[in-house]
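Note that the structure is predicted; figures quoted are calculated from it, not measured.
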Amino acid sequence: MKITMKLMATSCLTLTAAMANADGHMANEMTIVSWGGAYSASQQAAYHDPYAEKTGVNIINDESSAEAVAKLRAMNEAGNVTWDVVDVVASDAIRLCDEGLALEIDADTQLADGDDGSKASDDFGDLLVSDCFIPQIVYSTTVGYRSDMVGDNAPTEICALFDTETYPGKRSLEKRPINNMEWALLCDGVAKDDVYDVLETEEGQAQAFAKLDTIKDDTIWWSAGADTPQLLADGEVVMGSTYNGRLFALIEEQKQPVAMLWDAQVFDLDGWIIPTGLSPEREARALDYVMFATDTQRLADQAKYISYGPARKSSAPLVGKHAELGIEMAPHMPTDPENAKNTFLYNYEWWADYRDDLDAKFQAWLSQ
């Protein structure tokens, strides 16, 4: 496994941004990239609207986070970076940092202290998985199913995805190797602790693809986080993978006949990066925004709108009820003890190293 390396020193950029901040020279418009749907709506309510009200800055939303790495590589090569702040998963943040496409952040000087007085590095703790990554949430990718299409035999385990005899009908799975490869190996008898060692070998990858072959003809592949919720709502699939917050919205807000499967949910982190190559004014605005959007109260506020756990320890005591439904949010979090009895810990460092290779193999497998 290659060692994470920082390819671009950013101290000069950071100093320039700090000077721009001190002089008040910040851009009055910014483009923030995220994942769309219920997730972007929660960010709009918790971060964007309060920040725009406080500063008067005009925020333009872009929903291209699924393509963030490829697009930032292209923008950098063209010398025309049009995004200011980008929401990415942890493994993508590591890749972008390694390639010098994301700005390094000093957590204790460029992020807010916790409301309890803790420094940001202590408050975020182990979730600061990269020098460029500014954590927001802990979430999981899990499976939802149509409760009215499974009869009296509701699934309880992740391997129901591969059981087309008991659960006939279409499934929806994300059009990328992450999570699908892990679940395929788990359901082909590989022990949880051995999954990434097996997946590192050609034989292990062939084993995962062979397991996925068994449901390939029964699968609708999705690219956007909103796809599976819509397919479930329309009754086009009997079950499908997506993010736990999307399923929360489908079940609790839309009252669809859908239930959630927590078995082998895959924990992951999501957070911000700031692209390198911005002007000093744009970089200063981006830094000002992420300091605001990741403080203790703002991260707790997001949990009022979607069932993702805040990344700061100091935010956890502030998580209460849903802003509109009035229900307690803690039991809907992936980290709730009842939901976290059998989680799968996603290895973002492993995927940062193997993603490009397995993406290519996965797309080739899909086209066969």
**Student:** Measure the shortest side-chain to side-chain distance between Asp92 and Arg355 over non-hydrogen atoms and say whether it is less than 4.5 angstrom.
**Tutor:** yes
**Student:** Under 3.5 Å, is there a donor-acceptor pair linking the side chains of Thr228 and Ser172?
**Tutor:** yes
**Student:** Do Ile178 and Val190 belong together in a cluster built from hydrophobic side chains that touch within less than 4.5 Å?
**Tutor:** yes
**Student:** Distance only, no hydrogens: is a donor on one side chain within 3.5 Å (strictly under) of an acceptor on the other, for Gln363 and Asp359?
**Tutor:** no
**Student:** I need the full list of salt bridge (charged side-chain N to carboxylate O under 4.0 Å, His left out) pairs touching residues 145-156, with sequence neighbours left out, sorted by first then second residue.
**Tutor:** Arg146-Asp148
**Student:** Does a side chain donor of either Asn244 or Trp262 reach within less than 3.5 Å of an acceptor in the other side chain?
**Tutor:** no
**Student:** Are Leu232 and Val237 side-chain neighbours, meaning at least one heavy-atom pair lies under 4.5 Å?
**Tutor:** yes
**Student:** Step by step, work out the side chain to side chain contact (heavy atoms under 4.5 Å, CB included) result for Tyr39 and Ile137.
**Tutor:** CA-CA 11 Å; Tyr39 182 56; Ile137 59 162; 3.6 Å; yes
**Student:** Could you give me the CA-CA distance, side-chain angles and deciding distance for Thr55 and Phe292, then say whether side chain to side chain contact (heavy atoms under 4.5 Å, CB included) is met?
**Tutor:** CA-CA 11 Å; Thr55 63; Phe292 173 86; over 6 Å; no
**Student:** Between the main-chain N or O of Thr296 and the side-chain N or O of Ser315, is there a donor-acceptor pair closer than 3.5 Å?
**Tutor:** yes
**Student:** Once you round to the nearest 0.5 Å, how far does OG of Ser130 lie from CG of Leu269?
**Tutor:** 11.5 Å
**Student:** Does any part of the side chain of Leu250, heavy atoms only, come nearer than 4.5 Å to the side chain of Thr242, both counted from C-beta?
**Tutor:** no
**Student:** Under the 3.5 angstrom rule, does the side chain of Gln43 hit a backbone N or O of Ser34 as a donor-acceptor pair?
**Tutor:** no
**Student:** Is there a donor-acceptor contact under 3.5 Å from the side chain of Gln265 to the main chain of Pro334?
**Tutor:** yes
**Student:** Could you check whether any side-chain heavy atom of Val143 comes within less than 4.5 Å of a side-chain heavy atom of Trp183, counting everything from C-beta outward?
**Tutor:** yes
**Student:** Within the distance-only criterion (no hydrogens, no angle test), does the side chain of Lys304 pair as donor or acceptor with the backbone N or O of Met329 below 3.5 angstrom?
**Tutor:** no
**Student:** Residues in salt bridge (Lys or Arg N to Asp or Glu O under 4.0 Å) with Asp295, at least two apart?
**Tutor:** Arg298
**Student:** Write down the atom of Leu185, the atom of Val198, and the distance for their closest heavy-atom approach.
**Tutor:** CD1-CG1, 4.0 Å
**Student:** Not counting sequence neighbours, which residues clear ring-ring contact (aromatic ring centres under 6.0 Å, His included) with Phe162? List them please.
**Tutor:** none
**Student:** Look at the side chain of Ser147 and the backbone N and O of Ala259, then say whether any donor-acceptor pair between them is shorter than 3.5 Å.
**Tutor:** no
**Student:** Is there side-chain contact between Met181 and Leu212, with at least one heavy-atom pair below 4.5 Å?
**Tutor:** yes
**Student:** Would you call Glu349 and Asn347 a side-chain contact if the rule is heavy atoms closer than 4.5 Å?
**Tutor:** yes
**Student:** Scan side-chain atoms only and decide if His322 and Glu253 contain a donor-acceptor pair under the 3.5 Å cut-off.
**Tutor:** yes
**Student:** First locate atom CZ of Arg282, then atom CE of Met30, and finally report the distance between them rounded to the nearest 0.5 Å.
**Tutor:** 9.0 Å
**Student:** Per the side chain to side chain contact (heavy atoms under 4.5 Å, CB included) rule, which among Val88, Ile32, Val86 passes with Trp272?
**Tutor:** Ile32
**Student:** Considering only NZ, NE, NH1 and NH2 on the basic side and carboxylate oxygens on the acidic side, decide whether Arg95 and Asp98 come within less than 4.0 Å.
**Tutor:** no
**Student:** So how far is it from Asp62 CG to Glu67 CD, rounded to the nearest 0.5 Å?
**Tutor:** 9.0 Å
**Student:** Taking the side chain from Asp227 and the backbone from Ala224, do they hold a donor-acceptor pair closer than 3.5 Å?
**Tutor:** yes
**Student:** Are more than 12 heavy atoms, taken from residues, nucleotides or ligands other than Lys321, located less than 6.0 Å from that residue's NZ atom?
**Tutor:** no
**Student:** Taking atom types as modelled and ignoring hydrogens, do the side chains of Tyr243 and Asp268 form a donor-acceptor contact shorter than 3.5 angstrom?
**Tutor:** no
**Student:** Indicate if Trp222 and Val266 have the same hydrophobic cluster label, given that clusters are the connected sets of ILVMFWY residues with side-chain heavy-atom separations under 4.5 angstrom.
**Tutor:** no
**Student:** Could you see if Tyr348 belongs to whatever hydrophobic cluster contains Leu199? Use Ile, Leu, Val, Met, Phe, Trp, Tyr and a side-chain cutoff under 4.5 Å.
**Tutor:** yes
**Student:** Not counting sequence neighbours, which residues clear ring-ring contact (aromatic ring centres under 6.0 Å, His included) with Tyr305? List them please.
**Tutor:** none
**Student:** Taking only residues at least two apart or on different chains, which pairs with a member in residues 164-188 satisfy salt bridge (charged side-chain N to carboxylate O under 4.0 Å, His left out)?
**Tutor:** Glu174-Arg176
**Student:** Tell me, with the steps shown, if Asn61 and His48 meet side chain to side chain contact (heavy atoms under 4.5 Å, CB included).
**Tutor:** CA-CA 9 Å; Asn61 285 298; His48 302 350; 3.3 Å; yes
**Student:** If I compare all heavy atoms of Asp108 with all of Ala120, which pair ends up nearest, and what's the gap?
**Tutor:** OD1-N, 3.3 Å
**Student:** Below 4.5 Å, heavy atoms only, C-beta onward: do Pro275 and Met75 meet side chain to side chain?
**Tutor:** no
**Student:** Could you tell me how the ring of Tyr196 sits relative to the ring of Trp350: parallel (under 30°), tilted (30 to 60°) or perpendicular (over 60°)?
**Tutor:** tilted
**Student:** Yes or no on side chain to side chain contact (heavy atoms under 4.5 Å, CB included) for Thr31 and Thr82, after CA distance, side-chain angles and deciding distance?
**Tutor:** CA-CA 7 Å; Thr31 298; Thr82 59; over 6 Å; no
**Student:** How are the rings of Trp365 and Trp221 set to each other: parallel, tilted or perpendicular (split at 30° and 60°)?
**Tutor:** perpendicular
**Student:** State the CZ-CZ distance between Phe124 and Arg312, to the nearest 0.5 angstrom.
**Tutor:** 4.0 Å
**Student:** Should the ring pair Trp351 and Tyr346 be called parallel, tilted or perpendicular, given that the plane angle runs from 0 to 90° and is split at 30 and 60?
**Tutor:** parallel
**Student:** Supply the atom-to-atom distance Leu261 CG to Ser241 OG, rounded to the nearest 0.5 angstrom.
**Tutor:** 11.5 Å
**Student:** Cys97 and Ala102: which non-hydrogen atoms are nearest, and at how many Å?
**Tutor:** N-CB, 4.2 Å
**Student:** Is it the case that over 12 heavy atoms from other parts of the model lie below 6.0 angstrom from the CG atom of Asn28?
**Tutor:** no
**Student:** Going by salt bridge (Lys or Arg N to Asp or Glu O under 4.0 Å), name the residues that satisfy it together with Asp113, two or more places apart in sequence or in a different chain.
**Tutor:** Lys119
**Student:** Got Trp83 and Ser64 here, is their nearest side-chain heavy-atom distance under 4.5 Å?
**Tutor:** yes
**Student:** Is it the case that the side chain of Asp263 and the backbone of Ile158 share a donor-acceptor pair, with hydrogens and angles ignored and the cut-off at 3.5 Å?
**Tutor:** yes
**Student:** Count I, L, V, M, F, W, Y as connected when their side-chain heavy atoms are under 4.5 Å apart, and connections chain through other members. Are Leu247 and Phe344 then in the same cluster?
**Tutor:** no
**Student:** Taking atom CD of Glu53 as the centre, does the number of heavy atoms from other residues, nucleotides or ligands within less than 6.0 Å exceed 12?
**Tutor:** no
**Student:** Taking Glu252 for the side chain and Phe248 for the main chain, is one N or O donor matched with an acceptor at less than 3.5 Å?
**Tutor:** no
**Student:** Using a cut-off of 6.0 Å, state whether more than 12 heavy atoms not belonging to Asp126 lie near its atom CG.
**Tutor:** no
**Student:** How close do Pro135 and Leu128 get, counting heavy atoms only, and between which atoms?
**Tutor:** CD-CD2, 3.6 Å
**Student:** Answer with yes or no whether the side chains of Ser314 and Asp115 bring together a donor and an acceptor at under 3.5 Å.
**Tutor:** no
**Student:** Group every Ile, Leu, Val, Met, Phe, Trp and Tyr by side-chain heavy-atom contacts under 4.5 Å, then state whether Ile215 and Tyr145 land in the same group.
**Tutor:** yes
**Student:** If I take atom CG from residue Asp357 and atom CZ from residue Phe362, how far apart are they, to the nearest 0.5 angstrom?
**Tutor:** 13.5 Å
